[in-house]
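Quick notes on the structure that follows.
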Amino acid sequence: MLAEVHETVGRITTGVVTSAIPALARVDPHRFGLAFAGVDGELEGVGDWDQAFSVQSVSKVFSLALVLAHDGEALWSRVRRQPSVHRFNSLSELDGDCGIPRNPFVNAGALVVTDRLLGITGNAKAAVLDLLHTESGGGPHFDPVVAADEQAHNHRNSAIAHLIADHGNLHHPVEDVLEHYTWHCAIAATCGQLATAALFLARGGIRANGSRLLSAADTTRLNATLLTCGTYDAAGDFAYAVGLPAKSGIGGGILAVIPGRGVLCAWGPALDSHGNSVAGALALSAFTSITGWSIF
Ligand code: GLN
């Protein structure tokens, strides 16, 4: 099935690699990988599924899971769960919304999540890497070049964080929150590692070692939030075309959860105007069309 999807996607010529982070702008736009990790331990992939790429906003799934695991519902007084209508790094609604971000997957919301994770763990970037590492069985690592490049071009996230802080919704210094956020975005991992690491979302919150990370109810809710917000202002189109809870990142990765069955991770660096991978979205849409494994 994965080979059939690979053939359907072919050689994508639309979309552009992000220019926001110079280290990512140098990635070959024609790379493509797709992996499926099953709840029973099966792992399959095609194309460049074994090549590490920058996970970027896909890391927001893991930081949110860690905060929900510790706090349960408490986070939701600081971040809403509404789909966004502007770009993922927009400031335009934030002031009117009194520094309460729309959802945990736009940059503003993820910064609040990182701030909370910093309060819980004392080291948010290490906590996110550790979760990815433990659940995947090893491999994910920080990419210091990507982290440094983003830190040198971080005006927009810095503005977002300062605005949230001005409204009293950050509990740690802006510089600390930005540093931890940037580093957890700068984790490099392969499609196979990311799909495996996120399996707790397909197993009702159960980790690789059989212990519980999230309650079944929180897992369902996290998946619901991924469906409505995980691909930003394109979430409606994504639900229509793919029908799975998913999280994208500007490195070109998209993680998609098939509750009870497994997790898919697609990677293609060329992005559409919303910041979602063109090849990744096409591959996931082809996969659910072939298998019928959408949540609907
Ligand atoms: N680190 C990137 C940023 O904050 C992540 C954005 C993304 O992947 N959508 O802008």
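In what follows, residues are counted from 1 in the order of the sequence shown. When a ligand or atom number is given, it counts from 1 through the structure's own listing order. Just so we're clear, the structure is a prediction, and the values are computed from it rather than from any experiment.
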*Which residue owns the protein heavy atom closest to atom 7 (C) of ligand 1, what's the atom, and how far is it?*
Ser57 OG, 2.5 Å

*asked:* Once you measure the plane-to-plane angle for Phe287 and Trp293, does it fall in the parallel (<30°), tilted (30-60°) or perpendicular (>60°) bin?
replied: perpendicular

*Ser248-ligand 1 polar pair, N/O distance under 3.5 Å*: no

*For Cys185, atoms of ligand 1 separated by under 4.0 Å from a heavy atom*: 1 (N)

*So which protein heavy atom does atom 2 (C) of ligand 1 come closest to, and at what separation?*
Gln56 OE1, 3.1 Å

*Atom indices of ligand 1, in the order listed, that fall short of 4.0 Å to a heavy atom of Asn157*: 3 (C), 4 (O), 10 (O)

*Between Ser63 and Lys60, a side-chain donor and acceptor under 3.5 Å*: no

*Given that the side chain starts at C-beta and the backbone is N, CA, C, O, which of these parts of Arg156 lies under 4.0 Å from ligand 1, counting heavy atoms, or is it both or neither?*
neither

*For the rings on Phe32 and Trp267, is their centre-to-centre separation under 6.0 Å?*
no

_Check Glu73 with Arg221, please: is the shortest side-chain N to carboxylate O separation under 4.0 Å?_
yes

*What is the distance from atom CG of Asp130 to atom CD of Glu135, rounded to the nearest 0.5 Å?*
9.0 Å

*Does a salt bridge link Asp233 with Arg87, judged by any charged N lying under 4.0 Å from a carboxylate O?*
no

*At what distance is the nearest protein heavy atom to atom 10 (O) of ligand 1, and which residue and atom is it?*
Asn107 ND2, 3.1 Å

*asked:* Is it the case that ligand 1 has an N or O less than 3.5 angstrom from some N or O of Gly249?
replied: no

*Is the shortest N/O to N/O distance between Lys60 and ligand 1 below 3.5 Å?*
no

_Distance-only polar pair, side chains of Tyr181 and Asp115, donor-acceptor under 3.5 Å_ = no

*asked:* How far is atom 4 (O) of ligand 1 from the closest protein heavy atom, and which atom is that?
replied: Tyr181 OH, 2.6 Å

